[in-house]
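So that the names make sense, note that chain A is the first sequence line, chain B the second, and so on, each numbered from 1. Reckoned from all heavy atoms, side chains included, excluding hydrogens, waters and symmetry mates.
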Amino acid sequence: MKMIPEDAIERLLDGCKEISKECELQNISEWEIVGSQGYGRSLDIEAGRISLASGGGEGGFGVRILENGRYGYAHLVDVSGANHAVSQALSIARASPSIPGFNLPSTQEAKTVDGMIDDSILKLSPDDLLSQGDDIISEVASLDERAVVIGGGIGIGAEASVMLSSQGIEASGISTSHGLGVQVSIDVDGQMTSSWESSSSRKLMKGIPDCVSTAVEWAQKTRDPIEIKSDAVDTPVIMTSQGISSLFSNIIRPSILGERMVRGESYWSGKLNQVVLDNHLTMMDDRRMEGGFGSGSRDGEGVPTSCHTIIENGTLRKMLWSSRDAAKNVSEGRVDAAESTGSASRGSHMSPPTTGCGDVHLLSSKPPMSLDEMVDAMGTGYVIHSVMGAHTANPTSGDFSVTSSTVLRVEDGEIRGAIKQAGVSGNLFKALSDEVSLGHSSTRNGVSSTGTNHLSNILFAQGMRINPA
Amino acid sequence: MNNALSNALTFGASYAEIRLMAETTSSVRLKDGQLEHAIPGQEIGATLRILADGAWGVHSTTDISNIPNEIEATVRLAKAVAARRPSGSNPIQLAEVPIHQDEIHWKSKKDVRDTDLDTKLSMLDSIHQSANDDQRIISVSCGWSDEHLHTELLTTEGMDRTWSFQRSMVNGMVTARDGGDPVSYRMRHGGEGGLELIEACDLQSLGGDARIAALRLLKAKRSPSGKLPLIADRDLTGVYIHEALGHPCEADLVAAGDSCLDGKLGQKIGNEIVTVVDDPTMRGGYGAYPIDDEGLDTKEKTLIKNGILTDYLNHRETAHHFGLEPNAGARAQDGLHHPLVRMSNTMIMGGNFNDIDELMEDIDYGVYACGSRGGQVDTGRGSFQFAAQEAYLIENGEITTPLRDVSVSGLTLQILNDVDGLTKDAKLASPGFCGKGQTVPVGDGGPIMRIREALVG
């Protein structure tokens, strides 16, 4: 039996039409309704065994209405509450400020993005998923008999979504996902080390994903830490793609949103067409990446998507806009001209669209370096694989002060060993602005419902401070 | 639904429950004094949880009427998990608990669902006006959120409980710039309860204090790095105890082998001045709830008494696993998630010092850190990190230079021993959220706390 009903789209479309009738009954000229229904199966792993398996589905509808440039929003699960929801949205619209020039997007042709659905995920049975769980647990034990998967799990999902608007948009689609995460621990001889790794794809990940062996590897690498007698020191640092991703998500992604830029809330405010990154670095926001978690044919308000070069050879070229944020900031005089970049994101049917990033890539025009080459080039410094507390970073200033328990000490181009713990601090904007080297192929990490980072290992020659515990 | 649950036993389950949760929510956001959005919502979800052959099968859905059709498949799922249990691994069993059939409704003095949009906007505008009162303030964002939560739980043991309560909160973020790099400061106020909670708050002070703090940060220096004496205000004391102790005390993590407190019940793990409680019955705290998501009456739990680890936070499964008395620590994010062991309102109790001056007087060089930007913990390794919104140098017993972006890290089992001073006045600080795969509201706090030596960065 397929995970998602054959008529999932039709059911959602019927719900949207029901709500649209209510909008018309209440004489609302512009309305936009989204419906989504997710279906999934998952399992939890604890203490080296599968502890729980689950399945189910959840979803609902969101309705955005616009009256004379004023907008209101409401969400609901049961369409029998459409009258109430639409009335609430209307009363909120009437209390909202008018945004001159703001209209809901009209229908435009949108090309499909490939790789968003894998039929083999839809056909995967609960037993198939449990077997993959068994395989992962066994694989960890075979890689290191001391290693145990103490946490994590596997999930597959399929989401049907529909958008219907008064402006003629009627769009629908189904996307799939397969994700797994493992917390691998080695707890012997009175010493416990562990590592969390994850992997995700819109396609079925067959076999054992590489992240499983990586988790074992880092649980092994961080054992028997060496002592470093050092005060806090400004030093070169290599951050693996996993290590940098959470900081990148919390600091860099918000800084390229148009509204934050024009309000002065971004470190890069007022720096359009200025050099903001090391001059060989280019940053793209791609909403049309094959199989991208932040990609799709249309954005969260139905506008066709694009791939944008935000930073080109170090120079800030562009910022991202939803149609509403663009109209609002133009009407309020913060920016002379702005229009949707097809960058509206929704967390779920419960949220109105706001400007967000899609699949963000950081690229270099210089030849990429292997990790060994980076270690050699660094000479003396540290390799950081994961950090705790990235969410405490300051997205406005770019300052961060986090902690890592997966730190390797490098001296004279050789890895000497792990240290138990270190504070890592700096300013990510400044650290990325000079003497940066990127590693080989970027890894997908930092997956969220509103996008993904595609980052490689990064060598920072400056801008990082390490404070060994 | 009772019939459907009975069917679970027929299909071979040893226990089954259906927990249904309906949420009425509202969120409002004001940006620079203008309404950005107001979102009313009605959500409903239910989770069917079945124990069969000592393993869990779960089905969660917004399609409530379809739950009876999922019983058999969910029993099969649980049995499939059980069939994979490794030899030597014990089947899951649940601790015995009292069975109740009743309703408990924590009524707010002013039902937040009756609060109209104008009232919310007016209150947020108070915050905005006071926060915005300086030309160096470049933006002020204020938010309102409230929720009325209604839960019903039916179990095959005969539990039939219904409970409800509300939460309300206002928050804000002030961004300032003075020619150089921007800085920001955020504030929160709220808890379990209705409109009366927000009315009791001096919103002008909330906004004004945030403005002053943001302006202070414009002149703040980078923090020194190293092992230094640290004084933490109530907010940071709360985050510290939440991260450093609370998470490692969660019995599901202990049972999974992911806690540095495994095997340490009854052992001295901290300075004898340290006593820590987790108390969901603390009305008004953001982590308060009347009944846990397995249907147990809530109560105060003492996790550390005078430095000795006395209890884990547990749910029925882990209570049985460790042979502990169930202490109602099961919480689910909403109707679509199964319960995990979670904190509620977690606090260090007060000590003997009268005020911060007494705590500082013998510190030659240290840091006073205030306001939380959040924290994180690696429960297995026992290492944690939390970050302050602002901080100051302490020099010769006096507060001197403002600092920015200060974080503190350490090892749970070391730093609990390094707490060497607490003021007398313990109370909850700002409301917060805790993530553990699922997000739940929590309260935490305590007195002002001194740590002999912490890794500051």
Contact winner vs chain A - [options], heavy-atom pairs under 4.5 Å:
| options | answer |
| --- | --- |
| B/Ala38, B/Pro224, B/Ser372, B/Gly257 | B/Ala38 |
| B/Leu121, B/Asp63, B/Leu411 | B/Leu411 |
| B/Val406, B/Thr47, B/Thr74, B/Asp378 | B/Asp378 |
| B/Ala387, B/Ser139, B/Pro182, B/Gly374 | B/Pro182 |
| B/Arg404, B/Arg222, B/Lys227 | B/Arg222 |
| B/Asn66, B/Asp118, B/Leu77 | B/Leu77 |

Residue, of [options], that accumulates the most heavy atom pairs under 4.5 Å with chain B:
| options | value |
| --- | --- |
| A/Gln88, A/Glu46, A/Gln421 | A/Gln421 |
| A/Gly38, A/Ser266, A/Gly57 | A/Gly57 |
| A/Ala232, A/Gly389, A/Ser397 | A/Gly389 |
| A/Glu58, A/Gln183, A/Gln37, A/Arg263 | A/Arg263 |
| A/Phe429, A/Tyr39, A/Tyr73 | A/Tyr73 |
| A/Ala74, A/Gly423, A/Pro126, A/Ala422 | A/Ala74 |

Minimum heavy-atom separation for [X] to [Y], with atom names?
| X | Y | value |
| --- | --- | --- |
| B/Ile39 | A/Pro352 | CD1-CD, 3.1 Å |
| B/Gly457 | A/Ser401 | C-OG, 3.2 Å |
| B/Thr175 | A/Thr396 | CG2-CG2, 3.9 Å |
| B/Leu117 | A/Ala95 | CD2-CB, 3.7 Å |
| A/Ala53 | B/Val81 | CB-CG2, 3.4 Å |
| A/Asn467 | B/Leu455 | ND2-CD1, 3.5 Å |

Heavy-atom distance under 4.5 Å to chain A: side chain of [X], backbone, both or neither?
| X | result |
| --- | --- |
| B/Glu36 | both |
| B/Ala255 | backbone |
| B/Leu336 | side chain |
| B/Ser26 | neither |
| B/Ile92 | side chain |
| B/Val28 | neither |
| B/Ile44 | both |
| B/Phe386 | neither |

| message | If we ignore hydrogens and angles and just use 3.5 Å, is the side chain of A/His391 paired with the main-chain N or O of B/Gly375 as donor and acceptor? | response |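 Indeed, once roles are kept as given, a pair shorter than 3.5 Å links the two residues.
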Validation row: [X], [Y] side chains within 4.5 angstrom (heavy atoms):
| X | Y | result |
| --- | --- | --- |
| B/Leu35 | A/Pro97 | yes |
| A/Val77 | B/Glu23 | no |
| A/Asn394 | B/Arg373 | yes |
| A/Arg465 | B/Ser225 | yes |

Can you measure from [atom1] ([X]) to [atom2] ([Y]) and round to the nearest 0.5 angstrom?
| X | Y | atom1 | atom2 | value |
| --- | --- | --- | --- | --- |
| B/Gln42 | A/His84 | CD | NE2 | 5.5 Å |
| A/Thr193 | B/Arg381 | OG1 | CZ | 5.5 Å |
| B/Leu253 | A/Ile150 | CG | CD1 | 8.5 Å |
| B/Cys260 | A/Met192 | SG | CE | 9.0 Å |
| B/Phe384 | A/Thr403 | CZ | OG1 | 8.5 Å |
| A/Asp78 | B/Thr62 | CG | OG1 | 10.0 Å |

With a 4.5 angstrom heavy-atom cut-off, is it the side chain or the backbone of [X] that approaches chain B, or both, or neither?
| X | result |
| --- | --- |
| A/Ala85 | neither |
| A/Ser51 | backbone |
| A/Ala393 | backbone |
| A/Asp231 | neither |

| Take atom CG in B/Asp116; do more than 12 heavy atoms of anything else shown fall under 6.0 Å from it? |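 Counting neighbours around CG of B/Asp116, more than 12 heavy atoms of other residues, nucleotides or ligands fall under 6.0 Å, so yes.
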Would you say the side chains of [X] and [Y] form a donor-acceptor pair under 3.5 Å?
| X | Y | value |
| --- | --- | --- |
| B/Ser383 | A/Ser405 | yes |
| A/Arg49 | B/Ser89 | yes |
| A/Ser131 | B/Arg84 | yes |

Salt bridge present between [X] and [Y] (N-O < 4.0 angstrom):
| X | Y | answer |
| --- | --- | --- |
| B/Arg76 | A/Asp127 | no |
| B/Arg177 | A/Glu265 | no |
| A/Glu332 | B/Lys31 | no |

